[in-house]
Amino acid sequence: MAIKLPASPPMAPSQETSGDNLRPEIAVSWWRSELLGVRPGLAIEGLASEPLLDVDERLRRSVQPVLDDLVTRLAGTTSAIVLADHRAVILDRRGTTAAVNAEMDRIGVVAGHTFAEWSVGTNAVGTAAEERRLVRIAGTEHYAQVFKHLSCYGVPLVHPLNRRLVGVLDLTFPARDEHPLMRSFMLDAGQRIEGLLAEWASLRERAQFECFLALGRRSRRPVLSTMDDAVLLNRSARELHPVNQASLLAAAAEIGEADHGAILSLPVDNDGEPISVRVHTHSDHARFPGVVLEVLPTTPRRRPPRRTQDGSLPGLVGRSKAWTAFSAETHRAAGVGSPVLIAGEPGTGKLAVARSLHELSGRGQLAILDAASALADGRPEWLRQLRGMLADADRTVVVRHLECCDDALAAATAAEIDLAPDAGPRLFGTVDVTVGGDRIRPLLDRFCVRLVVPPLRDRRDDTDLLVRSLLDRQGVSSSLRFHPQAIAVLQAGDFPGNVRQLEAIVAGIAQRIDTSSGRTRSAARSRTLWR
């Protein structure tokens with residue numbers, strides 16, 4: 001017997017939105033919803049709308065017979081079948097009763113409304129599109145209050161050839177009417193629709209897609225496939241520089257069938273090296289409707305590693321026992337490809353050590369990302385920047401101030417490091433040892449090598465060299481020197497801010513001294529040092 005849907009969510013005060021006791025996958029979706037700024041008490045009148053696309057209309061018409069059959073099979077229940085596109089925009093909705101359709105109208109499940117997580121939070125349509133797998137959202141697991149009286153199953157619809165998300169199929173029903181067979185019912189419906197999509201693919205399309213897959217499995221080489229308006233890239237091709245991707249697309253547009261098997265040299269890439277590709281236009285069974293390009297391996301050009309004769313580090317100075325031992329350890333770390341954690345007290349020069357290691361490695365570009373900026377930039381944008389940096393194999397990436405990561409950002413950063421290509425960039429991290437690191441220990445464990453920069457109190461014998469180096473950094477005339485007694489005072493001083501604090505003192509002195517006025521070195525000692 002059909003049960004009428006309630007006119008409004010029957011919620012008790014104890015059921016108000018809370019992240020406690022949620023299933024892990026739902027908790028992650030709630031976290032995304034919160035980051036995206038979704039309000040649990042959102043108003044239906046404020047739902048975002050999107051225009052329907054031509055490709056969406058083709059999808060709706062193509063699966064219409066399947067939707068009709070599903071509604072017939074659901075006769076006698078109180079439920080609705082919903083079809084959305086790849087953007088989680090509603091394309092079609094079929095209720096089993098007039099009361100169901102009225103309730104769907106009331107909560108905004110109508111064509112054109114977007115149910116992506118950024119719009120309404122956790123729901124079967126948006127979360128299935130985000131997760132790319134079947135999801136079940138049971139009643140109060142919805143993020144928005146207005147949907148908590150309903151339960152839903154969402155199944156992503158994936159094109160069987162290019163594996164792109166083309167839509168989402170959703171079953172919505174009162175929370176109290178859930179049945180154990182609904183999961184298998186939705187899985188079967190999703191497979192029927194994907195089978196229908198597979199029938200559309202021609203023999204030629206299948207042959208080209210199989211060639212793309214075979215080349216991608218064979219090696220880690222970048223592979224690109226173009227067919228009509230669709231472009232497929234394997235993971236290695238996605239990591240290419242945009243200039244190189246544009247060169248490949250331009251070449252694919254000009255290749256004919258006679259070029260099959262040819263090796264072409266495309267214009268130089270962003271590093272000044274030509275790109276060599278092998279052309280595939282047909283298989284043993286069929287001519288492709290497009291073309292598949294396989295990028296052939298080249299030896300990346302890198303600057304020769306910088307060699308030092310005395311064991312010092314590029315750009316850094318020191319001769320103390322602590323610094324000499326640290327330099328030797330750093331040189332050993334430079335020859336290891338594993339991620340390196342550079343720890344130390346504030347102001348010891350952790351970033352300067354990372355720059356020196358970059359010079360020793362001979363990598364092309366140095367990219368620096370500060371975890372402290374995640375608060376201003378937002379976690380999603382900050383993580384996108386990190387993901388882009390980790391995709392370039394010929395660069396050095398430094399992630400600063402790891403101690404600023406909260407638990408969620410630390411876990412997400414660790415996940416991005418785990419997903420980076422095996423032959424990825426050289427990775428360094430810096431962390432303040434005066435801040436407890438137990439809460440971010442899983443992130444710090446991603447760095448296999450640990451260097452601890454000695455504090456300035458352990459490098460008192462380096463004071464004169466540091467002062468000279470810091471004066472050079474300030475662009476001060478080489479005729480300016482600190483008196484030995486001034487050096488002795490600095491050497492005996494307590495610098496909790498380490499080299500950074502010493503630099504501030506040296507910079508202040510350098511700015512006060514008018515080197516063109518003929519003041520003597522003793523004046524620098526007697527007047528400037530004590531102010």
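The figures that follow rest on heavy atoms only: side chains count, while hydrogens, waters and symmetry mates do not. Computed from a predicted structure; not experimentally measured.
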Peer 1: Return yes if some donor-acceptor pair links the side-chain N/O of Asn498 with the main-chain N/O of Pro346 below 3.5 Å, else return no.
Peer 2: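 Confirmed, Asn498 side chain pairs with Pro346 backbone.
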Peer 1: Verify, without hydrogens or angle tests, whether Lys350 (side chain) and Glu345 (backbone) share a donor-acceptor contact under 3.5 angstrom.
Peer 2: yes
Peer 1: For Thr348 and Gly344, indicate whether the former's side chain and the latter's backbone hold a donor-acceptor pair under 3.5 Å.
Peer 2: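 Not at all, since once roles are kept as given, no pair shorter than 3.5 Å links the two residues.
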Peer 1: Which atoms form the tightest heavy-atom contact between Ala420 and Leu390, and what is the distance?
Peer 2: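 For Ala420 versus Leu390, the nearest heavy atoms are CB-CB, 4.1 Å.
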Peer 1: To check you understand the geometry: which heavy-atom pair defines the closest contact between Leu443 and Ala414, and what is its length?
Peer 2: CD1-N, 3.8 Å
Peer 1: Within the distance-only criterion (no hydrogens, no angle test), does the side chain of Arg132 pair as donor or acceptor with the backbone N or O of Val158 below 3.5 angstrom?
Peer 2: no
Peer 1: For Ser33 and Thr122, indicate whether the former's side chain and the latter's backbone hold a donor-acceptor pair under 3.5 Å.
Peer 2: yes
Peer 1: Answer whether the closest heavy-atom distance between the side chains of Leu240 and Leu248 falls below 4.5 Å.
Peer 2: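 Counting from C-beta outward, Leu240 and Leu248 do come under 4.5 Å.
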Peer 1: How far apart are the closest heavy atoms of Ala84 and Val125, and which atoms are they?
Peer 2: CB-CG1, 3.6 Å
Peer 1: Less than 4.0 Å between a side-chain N and a carboxylate O, is that true for Arg500 and Glu503?
Peer 2: no
Peer 1: Taking Asp377 for the side chain and Gln385 for the main chain, is one N or O donor matched with an acceptor at less than 3.5 Å?
Peer 2: no
Peer 1: Is it the case that Asp432 and Thr434 place a side-chain donor and acceptor less than 3.5 Å from each other?
Peer 2: yes
Peer 1: So do the side chains of Leu360 and Pro314 get within less than 4.5 Å of each other, counting heavy atoms only?
Peer 2: yes
Peer 1: Under the criterion salt bridge (charged side-chain N to carboxylate O under 4.0 Å, His left out), I'd like the reasoning laid out for Glu141 against Lys148: C-alpha separation, chi angles, the key distance, then a yes or no.
Peer 2: CA-CA 7 Å; Glu141 290 180 339; Lys148 289 182 178 289; over 6 Å; no
Peer 1: Judged by modelled atom types alone, do Ser29 and Glu117 share a side-chain donor-acceptor pair under 3.5 Å?
Peer 2: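 Yes - a donor-acceptor pair under 3.5 Å links their side chains.
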Peer 1: Output yes when a side-chain donor or acceptor of Asn234 lies under 3.5 Å from a complementary backbone atom of Val223, and no otherwise.
Peer 2: yes
Peer 1: I'd like to know if Arg32 pairs up with Glu131 as an ion pair, taking the criterion as any Lys NZ or Arg NE/NH1/NH2 lying under 4.0 Å from an Asp or Glu carboxylate oxygen.
Peer 2: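 Looking at Arg32 and Glu131, the cut-off is met.
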Peer 1: Evaluate the ring planes of Phe147 and His142, with Trp represented by its six-membered ring, and classify them as parallel (under 30°), tilted (30 to 60°) or perpendicular (over 60°).
Peer 2: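 Phe147 vs His142 ring planes: tilted.
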Peer 1: Do you know which two heavy atoms are closest between Gly139 and Ala175, and how far apart they sit?
Peer 2: CA-CB, 4.3 Å
Peer 1: Please examine the side chains of Phe428 and Arg355, heavy atoms only from C-beta on, and report whether any two atoms are closer than 4.5 Å.
Peer 2: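 Arg355 does not reach Phe428 side chain to side chain.
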Peer 1: Within a strict 4.5 Å, meaning less than it, do heavy atoms of the Val166 and His86 side chains meet?
Peer 2: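 Counting from C-beta outward, Val166 and His86 never come under 4.5 Å.
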Peer 1: Ser225 and Gln208: side-chain donor and acceptor closer than 3.5 Å?
Peer 2: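 Checked: Ser225/Gln208 side chains pair up, N/O donor to acceptor below 3.5 Å.
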Peer 1: To check you understand the geometry: which heavy-atom pair defines the closest contact between Arg426 and Ala333, and what is its length?
Peer 2: NH2-O, 2.9 Å
Peer 1: Can you tell me if Ser184 uses its side chain to pair, donor with acceptor, with the backbone of Leu181 under 3.5 Å?
Peer 2: yes
Peer 1: Keeping the roles fixed (side chain from Arg446, backbone from Pro339), state whether a donor-acceptor pair exists under 3.5 Å.
Peer 2: no
Peer 1: Judged by atom type as modelled, is there a donor-acceptor pair below 3.5 Å linking the side chain of Thr396 to the main-chain atoms of Leu366?
Peer 2: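 A pair under 3.5 Å: no.
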Peer 1: Might you point out which heavy atoms bring Phe447 and Leu402 nearest each other, and give the distance in Å?
Peer 2: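 Result for this residue pair: CE1-CD1, 3.8 Å.
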